[in-house]
Amino acid sequence: MSGMRRVPRPPHGPVAIATSPWIVVGAGVVVMVVLLIVALGAYRGRSPAPDGAQPPALPVPSAVVAPSVPTSVPSPAPVLPGISGRASGLPPSTAAGSPSADPTLGPVGKPTATRSPSRAAPEQPAMTGRYRVVQSFDGGFIGEVAMVNTSSRSRGWTVRLEFSGGRLVTAWVEGVPQGTVRQSDDGFTYVSGVEVSPGGSVSLRFHMERAPSTPRECTVDGVRCNGL
């Protein structure tokens, strides 16, 4: 028994594969063939695009619109009874939030030029009178008030003469019906007896004694006479 040799057993597992290189090569060829078949099938499944056709355009995402934020609306100013911004014509500068509520300031707060109110011309009296001394003598004189009607209608007149002393002897109107004389302590008042036509004139004459030739007051319809 001791002289018998043991026959070596063939190796198993990786050692056997390593000793058989043709087995490895064949397995690789099989794997490559399978991958080639799979690639050809995937290529044939895709339909070729026609000549000149363009690839479909990718959808463009629409613009994102931000949600609108509600703005606060100021509540209208309270309307007082009997006062309305439209009816009373309130200026825009008095509204809330305006640059300036001062009426002398413009829309941008600059002072505006103000115009002074123009003065109306004095009204021309309807009857004008001028005083003069016609004749002087010892103890007295004869005076005259010449009047002109500057209005557009016929009108009467009233002359008032005041002196510091003296006495009225007589008064008369030349060429027309006489009026009414009312004497007082300091003079007299003469009221016409006939109206004077527009643009017409009339003269009142009077005789005074022991009186200064310049009267203290002379008026025609309340308007001071000229010539004093």
Side-chain angles (χ1 to χ4, degrees), residues 80-94 101-106 110-228:
L80 298 179
I83 300 178
S84 173
R86 179 179 300 176
S88 59
L90 295 178
S93 59
T94 59
D102 192 348
T104 60
L105 299 180
K110 295 182 179 180
T112 57
T114 57
R115 297 181 179 179
S116 58
S118 58
R119 297 182 178 179
E123 184 179 357
Q124 181 71 16
M127 294 288 295
T128 60
R130 177 174 291 276
Y131 176 84
R132 73 184 183 100
V133 176
V134 177
Q135 184 180 0
S136 296
F137 46 85
D138 188 14
F141 69 95
I142 295 176
E144 179 188 69
V145 178
M147 292 165 282
V148 178
N149 182 6
T150 60
S151 66
S152 58
R153 63 180 182 86
S154 299
R155 59 189 308 122
W157 45 271
T158 300
V159 173
R160 172 66 184 169
L161 286 162
E162 296 180 4
F163 295 89
S164 55
R167 181 180 72 89
L168 174 66
V169 179
T170 184
W172 69 97
V173 179
E174 296 183 352
V176 296
Q178 302 302 302
T180 304
V181 180
R182 295 194 296 267
Q183 297 191 52
S184 60
D185 294 339
D186 55 355
F188 68 94
T189 301
Y190 191 101
V191 180
S192 64
V194 64
E195 294 183 346
V196 182
S197 60
S201 60
V202 65
S203 295
L204 170 67
R205 291 191 176 184
F206 54 91
H207 179 195
M208 292 290 297
E209 289 183 346
R210 297 184 301 274
S213 59
T214 302
R216 187 172 60 188
E217 186 67 33
C218 173
T219 60
V220 178
D221 293 339
V223 180
R224 184 177 174 82
C225 301
N226 298 322
L228 296 178

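For the pair A171 and Q178, the tightest heavy-atom approach, listed with the atom from each and the gap, is O-OE1, 4.4 Å. Shown here for G166 and A211, the closest heavy-atom pair between the two residues is CA-CB, 3.7 Å. Among all heavy-atom pairs drawn from S201 and V196, the shortest one is N-CG1, 3.9 Å.
Distance alone, capped at 3.5 Å, is enough to place a donor-acceptor pair between the T150 side chain and the P125 backbone. Side chain of N149 to backbone of M127: no donor-acceptor contact under 3.5 angstrom is found. Proximity of a side-chain donor or acceptor of T180 to a complementary backbone N or O of V191 within less than 3.5 Å is not detected.
The side chain to side chain contact (heavy atoms under 4.5 Å, CB included) test applied to S154 returns E195, S197, P198, not counting sequence neighbours. Partners of R210 according to the side chain to side chain contact (heavy atoms under 4.5 Å, CB included) rule, which considers only residues two or more places apart in sequence or in another chain, are R167. When the side chain to side chain contact (heavy atoms under 4.5 Å, CB included) test is applied to T170, the partners found at least two apart in sequence or on another chain are W172, H207. For the side-chain hydrogen bond (donor to acceptor under 3.5 Å, both in side chains) test, no residue two or more places apart in sequence or in another chain qualifies with E217. Here Y190 pairs with W157 under the ring pair (Phe, Tyr, Trp, His ring centres under 6.0 Å) rule; sequence neighbours left out. Applying the ring pair (Phe, Tyr, Trp, His ring centres under 6.0 Å) criterion to F141, with sequence neighbours excluded, gives no partner residue. Here S184 pairs with R160, D186 under the side chain to side chain contact (heavy atoms under 4.5 Å, CB included) rule; sequence neighbours left out.
Considering only heavy atoms from C-beta on, V176 comes within 4.5 Å of V173 through its side chain. Within the 4.5 Å cutoff, side-chain heavy atoms of V159 are placed close to those of M147. Counting heavy atoms from C-beta on, the side chains of T158 and V220 never come closer than 4.5 Å. The shortest distance between side-chain heavy atoms of M208 and F163 falls below 4.5 Å.
Residue pairs meeting the side-chain hydrogen bond (donor to acceptor under 3.5 Å, both in side chains) criterion with at least one member in residues 219-228, sequence neighbours excluded, do not occur. Sorted by first and then second residue, the disulfide bond (SG atoms under 2.5 Å apart) pairs involving residues 167-205 (not counting sequence neighbours) form an empty list. Applying the disulfide bond (SG atoms under 2.5 Å apart) test to every pair with at least one member in residues 158-191, sequence neighbours left out, gives no pairs at all. Applying the disulfide bond (SG atoms under 2.5 Å apart) definition to pairs two or more places apart or across chains, those involving residues 138-226 are C218-C225.
Around the CZ atom of R182, the shell of radius 6.0 Å holds no more than 12 heavy atoms that belong to other residues, nucleotides or ligands.
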Hey, can you pull the donor-acceptor pairs under 3.5 Å for the side chains in residues 128-140, sequence neighbours left out?
from: Y131; atom 1: OH; to: S213; atom 2: O; distance (Å): 2.5
from: R132; atom 1: NE; to: E144; atom 2: OE1; distance (Å): 2.6
from: R132; atom 1: NH2; to: E144; atom 2: OE1; distance (Å): 3.2

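With values rounded to the nearest 0.5 angstrom, F188 atom CZ is found 4.5 Å from L161 atom CG.
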